[in-house]
Amino acid sequence: LAQALCLAQLVGRSGRREGCPLRVAAWEMQSSARDARPYCHVSDYPGVDVMSDSDEQDLLQEARPPRRWVRRSLMLALGAGVVSAAVCAAVLGQSKGRLRYRRQGDLQIKSSTWDVDPDSYCGKMEVDVEYKDEVSGFGRNFDHIPSPELCCALCQAEPRCKSFTWVKDAGLEGCPSQCWIKGGTGTRVAGYGKVSGIPPARPTVGTVPSGRGTSQSLFCFSLIMPYGSESKLLAFQWQKQASIFACDAYAVYSNVSVEVAPSLSTKVVNSNLQCKYGGDSNTALNSWIFIAVWDKLIDDGQYRSYQWTVKVDPDCVFFPDRLGPILEANTGAGYINNCQYGMHGPIEVFSVKALDMLSADYAASEDGKAPKRCVTEQHFGQWGEDMFMDQCLSKVLGVTERPTEPKLVCEDHCDCPEFFWCRKGGDIVSYHPMKTVGAYEACLGNALAQNPGSAAALAAATKPAAPVAAPATTAAAATPSSASYTSGVAAPASSVSYSGALPSSFGAGVSSGSYSSAL
C-alpha cells in the first residue's frame, strides 16, 4: 500500500514551477545505525538539471501517460496494496513476533546480522548492539572471526575480558568479520551489524583425572619450541598434572635442553625445528622434523615398556582417562585414526606393535636416522608429519588394523566447528587448538564441568607419573644435512619456524590477531 501511495505522489504531480528539474519517485530502504525502514523518495531525474520551457513541455508530453492509464494504474496499485496489506497482516499474525514494530507506523525488518541460538553456551547476546567501553583500559581485537560464538569464547579465554562485540563486516579481505574483547561492560548503544554480549564465567579447574594405572598403559610425549607460548603451555599442564603428565610415563622433546618445570627438562632431538608451510591447507611441512623425533624416541626405547604411545601437540587439551575405554575396545589395532579425512596431528595414538615395525624400518637405513622404505617409497615433500606417518604405517609398512575413532579429537578441521567451547560430551578425548594458557585453562574447565572424571581416575591423579630421564646436555643439536640422511633423501632447509598445527599463537600479548591465530 505504501508503494502505491508513493507512486501516486509522482503520477498526481502535474504542476511544477518553471525551470524545476523533472522528479521521479522511488521506493527505497533506508538504513542507519539505529534502524532500517522503507521510505518514499522523490528525487531529480538523472542527468537533467534546468530545462527550457519548450524542452520541458516536450519531455513532459512524452513522459505523461494518458489519463485513462493513470486512473487504471492507480486503481491497480491501490488494489495490489490492499492485497499486500492483508497478506502482511496474515503473516504477522502467524509469525509469533518475527516482524516487530519499533515505533508506531515504522516497520522494523528482522535483522540479518545474526540469528542467536537460544541454547548457546555464551548466554546473553544482543544483535545490532555495541557495548562501548572507554574506561577499563583493556581491549583487544581479532580479525577474521567467523561468528559471535567464537568471539564470546575468545573473551572467556582472557581473564581480563568482561564483554565482547562481534562486527559482521569490518571491511577485511576474506572473512570480513572482527571480534573486539573489552575489559568492561561499558555503555549499551545501537550498532547495526554488530553482536555484543557477556561471556560465561570462567570455570575453576580442580583435580584433573588421571589416565595412569589402567589396563592400557600410556607413554605420552610432546615436542615444543624452546621459546614462546609452547613452553608456557607445558608448564601449566605440568602444574595441573594434565595432558601428557596424566599418562603412565611422559617425555618432552625440543632441539635444546630447557627446563619446562622443576625437575622437568626437554630431551634433545637432532633437528633445528625449521620447516616450510604449504600443501593443500598451508600447514607445516614438518615430516623431517618428526622423522628426527621418532628417531630419538626409538633410540631411547622407553616406548617398549607401554602398550600405547601417544603424541600430543602442546596446544591440544588431552584427557588420558577418556582414551582408556577407546583403547580397550581396540586392543588389536596397530594405531587409531582420529578423523574421517585421515589422521590429524594434534593427537596420534600408536601401539607398541606399530612402533616396533617403524623401528625396524629405521634400522634398515644405512645410518638408522630415517625409516628407509617410508622415505624412499613416498613423495612427501608437501605433507605434514601426520600424513607421512599415516601413509608410512598403513601403505608402506602394512599396518592394516587402523580403526577410525571420531571421539579422539574435536577440532574445526575435522567437522567439530564448536571445538572452542570444549563441551561436545564427556567422552571426547581432546580439543584442539588452544594456544594460550588462558584458552587452555578455560577449555579444561569447560570440559571437566561435563565430566569431572571417575573416582578411580581422580584417585590416580594423586600418584606421580614416571618421567623419562632427560640428558644433561644443553648444547643445541646440529642441523641435519643431506649427508646425515644416507637413506637417499636430503633433509630440506627452510626459514619458517615450526609451531604446531597452526602458525601463530592465540592472543600472545598482541593487540590484534586472526582466526588462525585466535584458537
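- Of the possible polar contacts, none joining the Ser229 side chain to the Thr436 backbone as a donor-acceptor pair under 3.5 Å is found.
- A distance of 8.0 Å separates CG in Asp356 from OG in Ser351, rounded to the nearest 0.5 Å.
- Taking 4.5 Å as the limit, some side-chain heavy atom of Leu172 sits within range of a side-chain heavy atom of His144.
- Looking only at distances, no side-chain donor or acceptor of Ser231 sits under 3.5 Å from a matching main-chain atom of Val260.
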Can you list the steps and then say if Arg322 with Asp427 is a side-chain contact (heavy atoms from CB on, under 4.5 Å)? CA-CA 6 Å; Arg322 302 181 184 183; Asp427 55 354; 5.6 Å; no
Are Arg202 and Glu441 close enough, and set up right, to give a salt bridge (charged side-chain N to carboxylate O under 4.0 Å, His left out), and what steps lead you there? CA-CA 9 Å; Arg202 284 177 60 82; Glu441 183 177 18; 3.2 Å; yes
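- Using a distance-only test at 3.5 Å, with no hydrogens or angles considered, no donor-acceptor pair links the side chain of Thr165 to the main chain of Glu130.
- Using a 4.5 Å cut-off on side-chain heavy atoms (C-beta onward), Ser243 and Tyr440 make contact.
- Salt bridge annotation for Glu385-Lys311: present, with a cationic side-chain nitrogen under 4.0 angstrom from a carboxylate oxygen.
- Side-chain N or O atoms of Asn337 include one that pairs as donor or acceptor with a backbone N or O of Met343 at under 3.5 Å.
- No hydrogens or angles considered: a donor-acceptor pair under 3.5 Å links the side chains of Glu328 and Ser215.
- In Lys232, the NZ atom is not crowded: 12 or fewer heavy atoms of neighbouring residues, nucleotides or ligands sit closer than 6.0 Å.
- Side chain of Ser222 to backbone of Val312: a donor-acceptor contact under 3.5 angstrom is found.
- Expressed to the nearest 0.5 Å, how far CD1 of Ile181 lies from CZ of Phe142 amounts to 4.5 Å.
- Of all non-hydrogen atoms in Gln216 and Asp248, the two that sit nearest each other are O-OD2, 4.3 Å.
- Of the possible polar contacts, none joining the Glu377 side chain to the Cys374 backbone as a donor-acceptor pair under 3.5 Å is found.
- Counting only N and O atoms by type, the side chains of Tyr362 and Asp299 include no donor and acceptor under 3.5 Å apart.
- Of the candidates Leu444, Val429, Asn451, Ile428, Leu444 is the only one forming a side chain to side chain contact (heavy atoms under 4.5 Å, CB included) with Phe319.
- Taking the six-membered ring for Trp and the full ring otherwise, Phe419 and Tyr431 have centroids separated by 6.0 Å or more.
- Side-chain atoms of Phe318 and Leu323, non-hydrogen and from C-beta on, do get closer than 4.5 Å to each other.
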Give the intermediate values and the outcome of side-chain hydrogen bond (donor to acceptor under 3.5 Å, both in side chains) for residues Ser120 and Glu149. CA-CA 8 Å; Ser120 167; Glu149 286 279 341; 2.3 Å; yes
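- Here the side chain of Tyr335 pairs a donor or acceptor atom with the backbone of Asp390 at under 3.5 angstrom.
- Note that CD1 of Ile145 is 7.5 Å distant from SG of Cys175, once rounded to the nearest 0.5 Å.
- Atom CZ in Phe388 sits 12.5 Å away from atom CZ in Phe290 (nearest 0.5 Å).
- Residue Asn255 comes nearest to Asn272 through the heavy atom pair ND2-O, 3.9 Å, listed as atom of the first residue, atom of the second, then distance.
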Applying side-chain contact (heavy atoms from CB on, under 4.5 Å), run through Asn446 and Phe420 and close with a yes or a no. CA-CA 10 Å; Asn446 287 337; Phe420 44 82; over 6 Å; no
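- A ring pair (Phe, Tyr, Trp, His ring centres under 6.0 Å) with Phe221 holds for exactly one of Tyr250, Tyr253, Tyr303; it is Tyr253.
- Using a 4.5 Å heavy-atom threshold, the side chains of Ile244 and Val252 count as touching.
- Contact check for Val256 versus Thr266: no side-chain heavy atoms found under the 4.5 Å cut-off.
- Of the possible donor and acceptor atoms, one in the side chain of Arg212 sits under 3.5 Å from a partner among the backbone N and O of Phe245.
- Side chains of Gln382 and Phe380 form no contact here, defined as non-hydrogen atoms less than 4.5 Å apart.
- No donor-acceptor pair closer than 3.5 Å links the side chain of Glu230 to the backbone N or O of Ile224.
- Of the N and O atoms on the side chains of Ser136 and Lys182, not one donor lies less than 3.5 Å from an acceptor on the other residue.
- Gly345 and Asp386 make their closest contact through N-OD2, 3.0 Å (heavy atoms, listed as atom of the first residue, atom of the second, distance).
- Residues meeting the disulfide bond (SG atoms under 2.5 Å apart) test with Cys410, sequence neighbours left out: Cys416.
- In plain terms, the two heavy atoms of Leu355 and Met389 that are nearest each other are CD2-CE, 4.2 Å.
- Atoms CG and OG, from Asp133 and Ser196 in turn, are 11.5 Å apart once rounded to the nearest 0.5 Å.
- Annotation: side chain of His432 is not in contact with side chain of His413 (no heavy-atom distance under 4.5 Å).
- Rounding to the nearest 0.5 angstrom, the gap separating the CE atom in Met434 from the SG atom in Cys443 is 4.0 Å.
- In this structure, the side chain of Ser359 does not engage the main chain of Ile298 through any donor-acceptor pair within 3.5 Å.
- Of all the heavy atoms in Gln237 and Pro314, the pair that sits closest is NE2-O, 2.9 Å.
- A heavy-atom distance below 4.5 Å is found between the side chains of Trp166 and Ser177.
- Shown here is Gln340, whose CD atom has more than 12 heavy atoms of other residues, nucleotides or ligands within 6.0 Å.
- Shown here is Arg188, whose CZ atom has no more than 12 heavy atoms of other residues, nucleotides or ligands within 6.0 Å.
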Is there a salt bridge (charged side-chain N to carboxylate O under 4.0 Å, His left out) between Arg373 and Asp361? Walk through the geometry before answering. CA-CA 7 Å; Arg373 291 183 58 201; Asp361 201 33; 5.3 Å; no
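- Side-chain contact of Trp421 with Gln156: a donor-acceptor pair under 3.5 Å is absent, judged by distance alone.
- Looking at Glu405 and Asn330, their side chains never bring a donor and an acceptor atom within 3.5 Å of each other.
- In plain terms, the two heavy atoms of Val349 and Trp308 that are nearest each other are CG1-CE3, 3.8 Å.
- Between Trp294 and Phe350, the two ring planes are perpendicular [angle over 60°; tilted spans 30° to 60°].
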List the steps, then state whether side-chain contact (heavy atoms from CB on, under 4.5 Å) holds for Trp238 with Leu264. CA-CA 9 Å; Trp238 165 267; Leu264 175 64; 3.8 Å; yes
Evaluate side-chain contact (heavy atoms from CB on, under 4.5 Å) for Val310 paired with Ile347, printing each intermediate quantity in order. CA-CA 7 Å; Val310 187; Ile347 180 171; 3.8 Å; yes
